[in-house]
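Sequence lines set the chain letters: A, B, ... in the order given, protein chains first and strands last, and positions in each chain run from 1. Worth saying up front: this structure is predicted, and the values here are computed from it rather than measured.
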Amino acid sequence: MIRRRRLAEIQRRLAERAVLVGRPEAELVAGVDAAYTGTHAFAAAVVVDVRSMQVVERVAACQRVHLPYIPGYFAFREMGAAIKALRRLKSRADVLLVNGHGAAHPRRCGIATHLGVLLRMPAIGVASRLLCGRVEQGKEPAPVVHSGEVVGYALHCGRAVYVSPGHGISAENAAALVAGLPFRKHLPLPLHEAHATAEAVKKRIINGDAEIIFEGEGYGKGERIHR
DNA sequence: GCGACAG
DNA sequence: ATCTTGTCGC
């Protein structure tokens with residue numbers, strides 16, 4: 001049984017450790033995302049060299065999911081698999097892009113905050129929809145305000161995307177960094193690549209084509225992966 | 001109490 | 001997020 005009160009307390013403590021200032025170098029930008037079945041999460045992490053805009057590394061990891069999706073507590077569902085994949089990266093990215101929010105969270109602790117603080121690296125949350133707060137129309141970029149604080153910015157790269165700092169970077173620099181990346185399917189390149197990779201890996205696993213990749217991770221030909 | 005609600 | 005074929009539109 002999950003105790004939201006307990007999880008919320010963990011988020012408040014983590015939020016206190018988040019550094020919402022900074023302008024990290026961004027030569028190597030990583031992106032992380034996950035695809036799901038009824039029982040497992042397939043996370044993929046990619047590293048893009050911003051100068052050539054080429055993917056220089058691509059890894060994946062699998063893990064059983066233990067929690068359902070609950071708005072505000074999404075990190076506890078996806079974090080495990082995401083960290084597992086990120087730890088497999090040989091290259092050290094300058095900044096991490098996460099599918100979800102960072103400071104634009106009720107307790108200033110979205111999944112980008114969790115990953116940034118726990119992995120001790122600059123992290124930025126990029127989401128397609130708001131979890132909390134409102135967009136201040138008029139300014140450019142448009143600030144996302146919650147409880148009187150600017151927790152992120154709304155960008156208009158094709159469709160709206162909400163960028164908020166997770167750790168080691170300011171809201172302004174996070175927005176500028178993301179705005180400077182090429183977009184693919186409404187997502188900055190590193191995230192689009194991570195998303196596509198996670199889905200491809202999940203598909204291959206379900207078809208039984210690539211169980212070798214995750215051998216010894218808790219499932220294999222013998223275990224069912226409910227879809 | 002009511003509505004809103006990342007992926 | 002996932003379930004799902006064809007189909008309407010830029």
Asker: For A:Y69 and C:dA1, say yes or no: do the ring centres fall under 5.5 Å of each other while the ring planes differ by less than 30°?
Answerer: no

Asker: Rounded to whole Å, please give me the gap between NE2 in A:H40 and P in B:dG7.
Answerer: 24 Å

Asker: With a non-hydrogen cut-off below 4.0 angstrom, is A:G125 in contact with a base, only sugar-phosphate, or nothing?
Answerer: nothing

Asker: Would you kindly give the NE2-to-P distance between A:H101 and B:dA6, to the nearest whole Å?
Answerer: 7 Å

Asker: Hey, does A:Y73 reach any base, or is it just sugar-phosphate, or nothing, if we go heavy atoms under 4.0 Å?
Answerer: base

Asker: Do other residues, nucleotides or ligands put more than 12 heavy atoms under 6.0 Å from the CZ atom of A:R87?
Answerer: no

Asker: Please state how far atom OH in A:Y162 lies from atom C1' in B:dG7, giving the value in whole angstrom units.
Answerer: 15 Å

Asker: At less than 4.0 Å, is any side-chain N or O atom of A:R77 found next to OP1 or OP2 of C:dA1? Yes or no.
Answerer: no

Asker: In whole Å, I'd like the distance from the OH atom of A:Y36 to the P atom of C:dC3.
Answerer: 14 Å

Asker: Could you give the CG-to-C1' distance, from A:L67 to B:dG7, as a whole number of Å?
Answerer: 13 Å

Asker: Rounded to whole Å, how long is the line connecting atom CZ of A:R129 with atom P of C:dA1?
Answerer: 9 Å

Asker: Does any donor atom in the side chain of A:Q11 or A:Y73 lie under 3.5 Å from an acceptor atom in the other side chain?
Answerer: no

Asker: Take atom NE2 of A:H186 and atom P of C:dC10, then tell me their distance rounded to the nearest Å.
Answerer: 15 Å

Asker: Can you measure A:L130 atom CG to B:dA6 atom P for me and round it to whole angstrom units?
Answerer: 9 Å

Asker: With a 4.5 Å cut-off on side-chain heavy atoms, are A:C62 and A:I205 touching?
Answerer: no

Asker: Can you tell me which nucleotide in B:dC5, C:dT2, B:dG7 comes closest to the side chain of A:S128?
Answerer: B:dG7

Asker: With a 3.5 Å distance limit and no angle check, can you tell me whether A:D94 reaches the backbone of A:V29 through a side-chain donor-acceptor pair?
Answerer: no

Asker: Which is true for A:A35 with a 4.0 Å heavy-atom rule: it touches a base, it touches only sugar-phosphate, or it touches nothing?
Answerer: sugar-phosphate

Asker: Report the distance from atom OG1 of A:T113 to atom CG of A:L14, rounding to the nearest 0.5 Å.
Answerer: 8.0 Å

Asker: Just to confirm, is there a sub-4.0 Å distance from OP1 or OP2 of C:dA1 to any side-chain nitrogen or oxygen of A:K202?
Answerer: no

